[in-house]
Amino acid sequence: MSESKYFKFTNSVVVAPLVGVILIWAVFWLELQLHTNFNEFGVYPRTLKGLRGIFLSPFIHGSVEHLYNNTIPLAILTASLFYFYKDIAIRVLVYGLLFSGLFTWFVGRSSYHIGASGMIYVLASFIFFKGIFSKYYRLVALSLVVVFIYGSLLWYVFPIEDGISWEGHLGGFLAGLLLAFFMKAKTPSPKKFDWEHEDYNEEADEFLKHFDEDGNFIETKPEMMDQGDEAIRIAYHYKPEEGRDVTKD
């Protein structure tokens, strides 16, 4: 089956990240218009009221800087999710939101935890580990790109800076890892070379025949023709002065 069956550009690749970005900016704009903030709708650990923040906190941000820092990675990672894992993208978002929020609710500090960074960690973790587990070259390459661009995010799953919900980051990271491990996705099978198969025979490999026992490259000598009892016949043409073609054996 061709790659186009697995990796195909659809409207969801654009619509999904666009909807996410519009929602978080719309909520912040509404806060400004109402001269208030919605922090109390965030996750407040180990309280019944704080459970609503599991589903509402990703749309709430404390400042323009906080909102801007989450916008670009959220858009890029969501688009990547819907392009490479379109069959399970919705489930990854829903379960990732639920698991990361519950983790924060159980282990978080007694404070309101807000922002979409938890979901960013879910997406980054899922895309990275799923690509590694698949062993398919395009998905592994995507994993390396995620590490290259967002590898520094790993530091923020630890309590290294006050005012940052490291609990939400850690919950998102673990949720992405678990989803990558347990959730099945339709991905191309990794291509195997001949030497990777169990029935591979080294002695029958034409390429390896070009190397001697010491690993030195040798040219294959042309096999001698078995003349047998018959003489080799050589036919050639020449043109005599009279202009007549003559064939001789």
Side-chain angles (χ1 to χ4, degrees), residues 16-17 20-21 24 42-45 53-55 57-85 88-89 91-185 187 190:
V21 169
I24 62 176
V43 175
Y44 200 93
I54 293 175
F55 298 99
S57 61
F59 305 101
I60 305 169
H61 293 80
S63 65
V64 174
E65 182 182 3
H66 185 203
L67 182 61
Y68 175 76
N69 289 338
N70 285 343
T71 296
I72 296 178
L74 180 65
I76 294 175
L77 293 171
T78 303
S80 300
L81 176 69
F82 275 85
Y83 182 81
F84 290 98
Y85 303 100
I88 61 172
R91 284 184 290 162
V92 170
L93 292 176
V94 174
Y95 291 139
L97 181 68
L98 180 62
F99 294 157
S100 62
L102 283 174
F103 182 90
T104 305
W105 187 84
F106 275 110
V107 307
R109 292 162 289 175
S110 296
S111 177
Y112 288 108
H113 297 256
I114 60 174
S117 55
M119 284 305 301
I120 292 173
Y121 276 80
V122 170
L123 295 172
S125 177
F126 174 82
I127 292 173
F128 170 75
F129 287 110
K130 197 62 175 178
I132 298 300
F133 294 157
S134 72
K135 299 180 181 180
Y136 187 70
Y137 74 100
R138 290 188 66 179
L139 298 178
V140 172
L142 178 63
S143 299
L144 297 179
V145 171
V146 169
V147 169
F148 179 76
I149 299 178
Y150 300 113
S152 61
L153 293 177
L154 184 62
W155 294 108
Y156 293 96
V157 302
F158 304 106
I160 62 175
E161 186 175 340
D162 294 334
I164 293 181
S165 178
W166 64 269
E167 301 95 329
H169 297 170
L170 179 59
F173 178 83
L174 294 177
L177 172 59
L178 291 175
L179 291 173
F181 186 79
F182 290 106
M183 191 168 287
K184 303 298 181 183
T187 57

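Atom set for the values below is all heavy atoms of this structure, side chains included, hydrogens, waters and symmetry mates excluded.
Judged purely by atom type and a 3.5 angstrom limit, K130 uses its side chain to pair as donor or acceptor with the backbone of M183.
Environment of OH in Y156: sparse, with no more than 12 heavy atoms of neighbouring residues, nucleotides or ligands closer than 6.0 Å. For Y95, the OH atom is loosely surrounded, since the number of other residues' heavy atoms within 6.0 Å does not exceed 12.
Taking the six-membered ring where the residue is Trp, the centroids of F126 and Y85 are separated by under 6.0 Å. Under the 6.0 Å cut-off for aromatic ring centres, F173 and Y121 do not qualify, their centroids lying 6.0 Å or more apart.
Taking each heavy atom of H169 and I164 in turn, the nearest pair found is CE1-CG2, 3.3 Å. Scanning all heavy atoms of the two residues, the minimum distance from A116 to P58 falls at CB-O, 3.4 Å. The two atoms that bring I88 and A185 nearest to each other are CD1-CB, 3.5 Å, heavy atoms only. Looking at every heavy atom in both residues, G42 comes nearest to I60 through N-CD1, 4.1 Å. Across every non-hydrogen atom of A175 and S100, the tightest pair is CB-N, 4.1 Å.
A distance of 7.5 Å separates OG of S134 from CD1 of I132, quoted to the nearest 0.5 Å. Between the CG atom of L174 and the OG atom of S125 there is a distance of 7.5 Å, given to the nearest 0.5 Å. Distance CZ/F181 to CZ/F129: 12.0 Å, rounded to 0.5 Å. Note: M119 CE to I24 CD1 = 11.5 Å, rounded to the nearest 0.5 Å. Separating the CD atom in E65 from the CG atom in N70 is a distance of 10.5 Å, to the nearest 0.5 Å.
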Walk me through whether L178 and F99 qualify under side chain to side chain contact (heavy atoms under 4.5 Å, CB included). CA-CA 10 Å; L178 291 175; F99 294 157; 5.8 Å; no

Could you go through the side chain to side chain contact (heavy atoms under 4.5 Å, CB included) check for H61 and Y68 one step at a time? CA-CA 10 Å; H61 293 80; Y68 175 76; over 6 Å; no

For F55 and L97, run side chain to side chain contact (heavy atoms under 4.5 Å, CB included): C-alpha distance rounded to whole Å, both residues' side-chain angles, the deciding distance at 0.1 Å, then the answer. CA-CA 7 Å; F55 298 99; L97 181 68; 3.8 Å; yes

Would you please test I160 and W155 for side chain to side chain contact (heavy atoms under 4.5 Å, CB included) and show each step? CA-CA 8 Å; I160 62 175; W155 294 108; 4.0 Å; yes

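At a threshold of 4.5 Å between non-hydrogen side-chain atoms, the residues Y44 and S110 count as touching. Put simply, the side chain of W166 reaches to within 4.5 Å of the side chain of R109, judged on heavy atoms. The side-chain heavy atoms of V43 and Y112, taken from C-beta on, include no pair separated by under 4.5 Å.
Under the 3.5 Å distance criterion, with hydrogens and angles disregarded, no donor-acceptor pair is assigned to the side chains of H113 and S57.
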Report, one line per pair, each donor and acceptor closer than 3.5 Å where one atom sits in a side chain of residues 72-82; sequence neighbours left out.
unit_1: T78; atom_1: OG1; unit_2: L74; atom_2: O; d: 2.6
unit_1: S80; atom_1: OG; unit_2: I76; atom_2: O; d: 2.9

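Partners of R91 according to the salt bridge (charged side-chain N to carboxylate O under 4.0 Å, His left out) rule, which considers only residues two or more places apart in sequence or in another chain, do not exist here.
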